[in-house]
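Here is the structure we will look at, set down as structure tokens.
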Amino acid sequence: MAQISLTFPDGNSRDYAAGVTPAEVAESIASSLAKKAISASVNGAHWDLSWPIEDDAEIAIHTMKDAEPALELIRHDCAHIMARAVQEIWPEVKVTIGPVIENGFYYDFDRAEPFTPEDLGVIEAKMKEIINRRDPVTTEIWERDRAIGFYKANNEPYKVELIESIPGDEPLRMYWHGHWQDLCRGPHLQHTGQVPADAFRLMKVAGAYWRGDSNRPQLQRIYGVAFQNREQLKAHMTFLEEAEKRDHRRLGREMELFHFQEEAPGMVFWHPNGWSIYRELEDYMRRKLTKAGYKEIKTPQVVDRKLWEASGHWDKYRENMYITEIDEEHANEKRTNALKPMNCPCHVQIFNQGIKSYRDLPLRLAEFGSCHRYEAHGALHGLMRVRGFTQDDAHIFCTEDQIEAECARFIDLLSSIYRDTGFSEFDIKLSTRPEIRVGSDEIWDKAESALEKAILSVRNDYEIDPGEGAFYGPKLDFKLTDAIGREWQCGTFQADFNLPGRLDANYIGEDGAKHRPVMLHRAILGSFERFIGIMIENYSGKLPFWLAPRQVVVAAIVSEADDYVQEVTQMLKDAGIRAEADIRNEKINYKVREHSVGKVPVILAIGRKEVEDRTVTLRRLGEKQTSVLPVPQMLDDLTKEAVPPDLR
RNA sequence: GCCGCAGUAGCUCAGUGGUAGAGCGCGUCAUUGGUAAUGACGAGGUCGGGAGUUCAAUCCUCCCCUGCGGCACCA
């Protein structure tokens, strides 16, 4: 029998007979290791203990202490155990797929009746029962026809379809958890008892389309979370509670920032506090853009369909556009307009006015562009997904040769804006040419390498998403990471070789001839609405001083101090600080609590002592200690603190 | 748009086939207090909208709207 050599993580190697399994390897090292082993890495691939190894390889044996493989196996086995539990309770249910996801797993089922939240408890109990049975997990590789025949006989049509879509040369691996069987890539644990029975929980039922296709049957997906032990599960539940506390919809209500109502679904009613944040951010963006060489413009909300037909949007996005018609009785002309769903066609109209020379390029036109899109009902989500929103939009008209420099300038601007708004970390993704596209290969080569070089001029890590570019050009997406580790895609930078041609934009080159400019679509915040939502969640509502809607509340402790409170408040207002006086007939405890809940960063408490000494007692949000300051110093400190980051 | 769940006072929620309740908030009064809730009293509801069943519907049935969790979508 052939010999193979396995190399261990410590660098030592040993010879085994070809076909040896990791379980046997572990046993050869120590029977204690064999008992604890759950899986292995073989040349970096996650390997079931029962799979044979045929060639020389690097191997590492994993135990439950190795978090990554352990979680992967626990979650994957949980998915199978859940599917088994469901079929034990309701044998008519058909199984489909059940992968591992972040923090847990899901499994999609086909069942005529909906699962109810109560069913989840029943399934969970059955799962615990299965875990306690400690049924062995076994695996075999089957021939395609045999597997198809097996699933046909068992009336599992989804499994048949899965097999039919797996390339013919790939082996089909069948797994058994006791008597229950599933088609699965593996690896798995050795028996169901290895799954910790107190570290998983079924979370919710949701609809999901078979193979993610909305034209195909809708299945029922059950989501679960699973961890190595009960403490981790508990920590996860705590994390979810924390995330819920910083939900911008809840904070938006508590801080009186905005609301939504039935008459205008997906459209924001900004309240004074929320609008203050919006305007502060807009002013900041305007300064940043002006300094970065952009010219601000404003274009119409309502534009004739002809322009949308010319740009191609009418054909592609008509169903998501708000169409307006003029009341026939009063109109002396009949025309169909659309509320603009995006700004680019309008920006090209401005570019097209007059004759542009190569000397005008790059021309950077920026607009806080108010757009409307009819988003599907199910897509709406607080400020994060709305139907009326304002983009920090801009289009750079330039030559192919200028793409790289413009992209580098953009990344630079974007980084400083993310830093200033509280996001120090972000990722970049480059999406390259799709199969169906406009523009020559030469121009795609040039543009892709321009974007790539621009990234490399500032950092060396980025992701490539091959074939995911728009049909009109390659793009960069920028994803920022918030305080609790969630990622949000906000910024984008897209080269466009299509629209300038469709809308007949051109410039006169050095050679005196007409040329087509390249158009760069770009946004940093994405939309003000969504970005403010993300900021609220990132800061848990505790916005930095310059953005806080109410920066200071001056609170009287005794009513004798009221006049002085008003005086101090006015001085703050005169200094440009958003300050309010609180001279209500309430105790200081009450006022401190209320303004703390309202996330006011600074409370100035004023009692008899302060009136007498012309001082204030300053308390910062979340801090217990206070400090006594003379008024001029307080004004000086807070005025400095209120300066937006770009003006410091 | 699809699947499931929900909609009762400004907010969070309880409740019943015989037209409603709590806490917080709000108003009035008392209280003048020292850093996360002072007390008393009071006002406040077409029980999301429409239709049906019934002697009677907030409650049961159907349709619609909105929201929530996913899925699909996101120029």
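Protein chains get the first letters and strands the later ones, always in sequence-line order, with residue 1 at the start of each. Note that this is a predicted model, so its numbers are computed, not measured.
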Inset, instruction - Quick one: sort the A:Phe426 and A:Tyr418 rings into parallel, tilted or perpendicular, breaks at 30° and 60°. - result: perpendicular
Inset, instruction - Mind checking A:Glu254 for me? I need base, sugar-phosphate or nothing, with any heavy atom below 4.0 Å counting as a touch. - result: nothing
Inset, instruction - Would you check if the side chain of A:Glu367 reaches a backbone N or O of A:Thr299 as a donor-acceptor pair within less than 3.5 Å? - result: yes
Inset, instruction - Provide the Watson-Crick or G-U wobble partner of B:G34, both distances under 3.5 Å; none if there is no partner. - result: none
Legend entry - salt_bridge(A:Arg550, A:Asp582) N-O dist < 4.0 Å: no
Inset, instruction - Would you tell me if any nitrogen or oxygen in the side chain of A:Arg584 comes within less than 4.0 Å of OP1 or OP2 on B:A37? - result: no
Legend entry - Nucleotide of B:G67, B:A36, B:U38 approaching A:Leu621 most closely (side-chain heavy atoms): B:A36
Inset, instruction - Could you tell me the separation between the OH atom of A:Tyr374 and the CG atom of A:Asn320, rounded to the nearest 0.5 Å? - result: 9.5 Å
Legend entry - A:Phe109 ring center within less than 6.0 Å of A:Tyr107 ring center: yes
Inset, instruction - For B:G45 versus B:A22, give the span between their P atoms, rounded off to a whole number of Å. - result: 14 Å
Legend entry - Nearest-Å distance for atom pair CZ/C1', residues A:Arg253 and B:G67: 11 Å
Inset, instruction - State whether A:Phe227 and A:Arg75 meet the cation-pi test: NZ (Lys) or CZ (Arg) under 6.0 Å from the six-membered ring centroid, and within 45° of the perpendicular axis. - result: yes
Legend entry - Nearest-Å distance for atom pair CZ/P, residues A:Arg250 and B:C68: 15 Å
Inset, instruction - Can you label the angle between the A:Phe260 ring and the A:Phe258 ring as parallel, tilted or perpendicular, going by 30° and 60°? - result: perpendicular
Legend entry - Nucleotide-resolved protein contact map, nucleotides 70-75 of chain B, B/S/- at heavy-atom distance under 4.0 Å: BBBBBB
Legend entry - Whole-Å gap separating P (B:U35) and CG (A:Asp582): 16 Å
Inset, instruction - Counting Watson-Crick and G-U wobble pairs only, both distances under 3.5 Å, name the nucleotide matched with B:A14, or none. - result: none
Inset, instruction - With the side chain of A:Leu380 defined as its heavy atoms from C-beta on, choose the nearest nucleotide among B:A36, B:G67, B:C26. - result: B:G67
Inset, instruction - For nucleotides B:G50 and B:A40, find the distance between their P atoms and express it as a whole number of Å. - result: 40 Å
Inset, instruction - If B:G52 has a Watson-Crick or G-U wobble mate with both distances under 3.5 Å, name it; if not, just say none. - result: B:C60
Please list each protein N or O that sits under 3.5 Å from an N or O in nucleotides 39-42 of chain B, with the distance.
none

Legend entry - Proximal nucleotide (of B:G69, B:G33, B:G67) relative to the A:Val558 side chain: B:G33
Legend entry - Salt bridge flag under 4.0 Å for residues A:Glu242 and A:Lys245: yes
Inset, instruction - Just name whichever nucleotide pairs with B:U19, Watson-Crick or G-U, keeping both distances under 3.5 Å, else none. - result: none
Legend entry - SB check A:Arg250 A:Glu254 (cutoff 4.0 Å): yes
Inset, instruction - Take atom P in B:A20 and the same atom in B:A57, then report the distance between them in whole Å. - result: 13 Å
Inset, instruction - Any strand is fair game: report the nucleotide pairing with B:C29 by Watson-Crick or G-U wobble, both distances under 3.5 Å, or none. - result: B:G39
Legend entry - Minimum-distance nucleotide to A:Ser559 side chain [options: B:U32, B:U12, B:U38]: B:U32
Legend entry - Sugar-phosphate, base or nothing in reach of A:Lys591, heavy atoms under 4.0 Å: nothing
Legend entry - Value in whole Å for how far the P atom of B:U35 lies from CG of A:Leu629: 17 Å
Could you list all N or O pairs between the protein and nucleotides 5-8 of chain B that sit under 3.5 Å apart?
none

Inset, instruction - May I have the distance from A:Arg593 (atom CZ) to B:A36 (atom P), rounded to whole angstrom? - result: 10 Å
Inset, instruction - Using the P atom as the reference point in each nucleotide, state the distance between B:G52 and B:A6 in Å, no decimals. - result: 25 Å
Inset, instruction - Considering only NZ, NE, NH1 and NH2 on the basic side and carboxylate oxygens on the acidic side, decide whether A:Arg486 and A:Glu537 come within less than 4.0 Å. - result: yes
Inset, instruction - Find the distance A:Lys587:NZ to B:A37:P and express it as a whole number of Å. - result: 10 Å
Inset, instruction - Looking at every strand, decide which applies to A:Arg530 at a 4.0 Å heavy-atom threshold: base, sugar-phosphate, or nothing. - result: nothing
Legend entry - A:Glu263 CD - B:G49 P separation (whole Å): 12 Å
Legend entry - Euclidean distance for P, B:G27 against B:A43 (whole angstrom): 16 Å
Legend entry - CD1-CG distance between A:Ile577 and A:Leu635, expressed to the nearest 0.5 angstrom: 6.5 Å
Inset, instruction - Return the orientation label for the A:His76 and A:His80 ring planes: parallel under 30°, perpendicular over 60°, tilted otherwise. - result: perpendicular
Legend entry - C1'-based separation of B:U46 from B:A9 [nearest Å]: 14 Å
Inset, instruction - For B:G15 versus B:C60, give the span between their P atoms, rounded off to a whole number of Å. - result: 13 Å
Inset, instruction - Could you please name the partner base of B:U46, counting Watson-Crick and G-U wobble pairs only when both distances are under 3.5 Å? - result: none
Legend entry - Residues A:Asp247 and A:Arg249 bridged, charged N to O under 4.0 Å: yes
Inset, instruction - For A:Gln220 and for A:Glu610, find the nucleotide of RNA chain B with the closest heavy atom, then tell me which residue's nucleotide is more 5'. - result: A:Gln220
Inset, instruction - Measure from OH on A:Tyr590 to P on B:A37 and round the result to the nearest Å. - result: 11 Å
Inset, instruction - Go ahead and name the base partner of B:G69; Watson-Crick or wobble counts if both distances stay under 3.5 Å, otherwise write none. - result: B:C3
Inset, instruction - Between B:U16 and B:G21, how far apart are the P atoms? Round to whole Å, please. - result: 14 Å
Legend entry - Watson-Crick or G-U wobble mate for B:A9, both contacts under 3.5 Å: none
Inset, instruction - Determine the interplanar angle of the A:His313 and A:Trp308 rings, folded into 0 to 90°, and report it as parallel if under 30°, tilted if 30 to 60°, perpendicular if over 60°. - result: perpendicular
Inset, instruction - State plainly whether the residues A:Asp427 and A:Lys429 are in salt-bridge range, i.e. N to O under 4.0 Å. - result: no
Inset, instruction - Name the closest nucleotide to the A:Arg619 side chain, picking from B:U32, B:U35, B:G67. - result: B:U35
